[in-house]
Amino acid sequence: MKHTHKLLILMFSFVLFSCGNDKKNNQVDYSTKKAPVKKEVQKEKPKEASVEKKETTANVDLSNKGIGPVKSLDISGAIDQKLVDEGKELFKNKCSACHRTNRKFIGPNPTGVFDRRSPEWVMNMIINPEEMLKKDPIAKALLIEYNGSPMANQNVSEKEARAIVEYFRTLK
């Protein structure tokens, strides 16, 4: 019992002294404080830029129409504000749990999506996510990129998906 007691005191003392306040390690050198911060920021910014670039250029394929009922969709005309408003409300109610328009979240940011995907692909992904995730190479890659979080089927009709697409056209 005495050995155990002495051993505990020795271990406690070791922990106490190893965690003690060593003034040499805690001193702040104000003459060099700013320089290392600038160097760290300069090192990190290129990494962030390359990650952002990877997100926007990965798997760009405007010829891929996806798998589903939408085979052709022309979105080159004037923006229909009534459809935009409907799409914005649908996005808020059905999509915003996983998607943000200002950043990457659980799912991809839809801002600028038509620079990366065809309108048909976007519609088919909204309408037919299960089959897209099983068969479409871009959807499969996105599933991996977003840590295996599959897009939930929100039972969006083709008409509703078209309104969401119109809303996406306004996101810049």
Side-chain angles (χ1 to χ4, degrees), residues 33-172:
K33 186 176 180 184
K34 290 183 181 178
V37 171
K38 286 183 182 177
K39 287 180 185 176
E40 286 179 27
V41 170
Q42 289 172 352
K43 287 179 186 176
E44 289 178 16
K45 280 188 178 180
K47 288 180 186 176
E48 290 172 9
S50 67
V51 169
E52 187 64 32
K53 187 175 181 182
K54 181 182 173 191
E55 280 180 25
T56 59
T57 60
N59 299 319
V60 172
D61 184 356
L62 298 175
S63 66
N64 182 341
K65 305 293 183 192
I67 298 155
V70 181
K71 305 297 181 206
S72 178
L73 178 62
D74 181 13
I75 60 168
S76 63
I79 290 177
D80 180 340
Q81 192 57 49
K82 183 180 176 203
L83 207 52
V84 168
D85 294 342
E86 184 182 331
K88 185 175 184 177
E89 189 65 24
L90 284 163
F91 180 84
K92 178 182 160 193
N93 293 331
K94 294 189 178 236
C95 311
S96 65
C98 297
H99 299 274
R100 297 290 187 268
T101 59
N102 61 349
R103 64 185 165 93
K104 184 177 175 179
F105 192 52
I106 295 167
N109 177 350
T111 302
V113 69
F114 300 115
D115 295 334
R116 303 181 302 274
R117 311 280 179 261
S118 70
E120 298 87 357
W121 189 95
V122 175
M123 289 268 299
N124 284 320
M125 188 66 186
I126 294 169
I127 297 167
N128 192 27
E130 288 111 351
E131 193 172 3
M132 288 282 287
L133 290 168
K134 287 178 187 173
K135 299 178 182 176
D136 183 81
I138 294 173
K140 287 178 182 180
L142 287 169
L143 183 63
I144 292 166
E145 183 179 343
Y146 286 85
N147 303 316
S149 297
M151 183 161 156
N153 188 338
Q154 296 292 323
N155 297 308
V156 176
S157 70
E158 199 168 323
K159 181 181 175 198
E160 290 172 325
R162 179 60 184 91
I164 293 168
V165 162
E166 194 71 4
Y167 169 58
F168 287 174
R169 288 180 64 198
T170 67
L171 302 175
K172 304 286 181 201

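A salt bridge links Glu166 to Arg169: at least one charged side-chain nitrogen sits closer than 4.0 Å to a carboxylate oxygen.
Residue Ala161 comes nearest to Val156 through the heavy atom pair N-CG1, 3.4 Å, listed as atom of the first residue, atom of the second, then distance. Contact record, Asp115 with Val60: O-CG1, 3.8 Å, taken as the closest heavy-atom pair. A pairwise comparison of heavy atoms in Ser157 and Ile127 identifies O-CG1, 4.3 Å as the closest pair. Between Met132 and Asn124 the shortest heavy-atom distance is CG-O, 3.7 Å. Nearest heavy-atom pair across Lys104 and Asn109 is N-CB, 4.2 Å. Nearest heavy-atom pair across Gly66 and Asp136 is CA-OD1, 4.0 Å.
Listed by first and then second residue, the ring pair (Phe, Tyr, Trp, His ring centres under 6.0 Å) pairs involving residues 66-85 amount to none (not counting sequence neighbours). Residue pairs meeting the ring pair (Phe, Tyr, Trp, His ring centres under 6.0 Å) criterion with at least one member in residues 111-131, sequence neighbours excluded, do not occur.
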Verdict with reasoning, Arg162 to Ile75, per side-chain contact (heavy atoms from CB on, under 4.5 Å): CA-CA 10 Å; Arg162 179 60 184 91; Ile75 60 168; 4.0 Å; yes

Pair Val113-Met125, side-chain contact (heavy atoms from CB on, under 4.5 Å): steps then yes or no: CA-CA 12 Å; Val113 69; Met125 188 66 186; over 6 Å; no

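Counting heavy atoms from C-beta on, the side chains of Leu142 and Arg117 come closer than 4.5 Å. Looking only at side-chain heavy atoms (C-beta outward), Asn155 and Glu160 stay at 4.5 Å or farther from each other. For the pair Lys65/Lys71, no side-chain contact is recorded, criterion being any heavy-atom separation below 4.5 Å from C-beta on. Using a 4.5 Å heavy-atom threshold, the side chains of Pro110 and Phe91 count as touching.
Distance alone, capped at 3.5 Å, places no donor-acceptor pair between the Thr101 side chain and the Thr111 backbone. In this structure a side-chain-to-backbone donor-acceptor pair under 3.5 Å is present from Glu120 to Leu73.
With values rounded to the nearest 0.5 angstrom, Cys95 atom SG is found 5.5 Å from Phe168 atom CZ. The structure places CD1 of Ile164 at 9.5 Å from NE2 of His99, a figure rounded to the nearest 0.5 Å. With rounding to the nearest 0.5 angstrom, the CZ atom of Arg116 is 10.0 Å from the CG atom of Leu62. Distance check: Ile106 CD1 to Met151 CE gives 13.0 Å after rounding to the nearest 0.5 Å. With rounding to the nearest 0.5 angstrom, the OG1 atom of Thr170 is 6.0 Å from the CD1 atom of Ile79.
Remark: Glu86 pairs with Leu83, Leu90, Ala163 by the side chain to side chain contact (heavy atoms under 4.5 Å, CB included) rule, at least two apart or across chains.
Residue Lys88 places its NZ atom among 12 or fewer non-hydrogen atoms of other residues, nucleotides or ligands, all under 6.0 Å distant.
Neither side chain, Ser149 nor Asn147, offers a donor N or O lying under 3.5 Å from an acceptor on the other.
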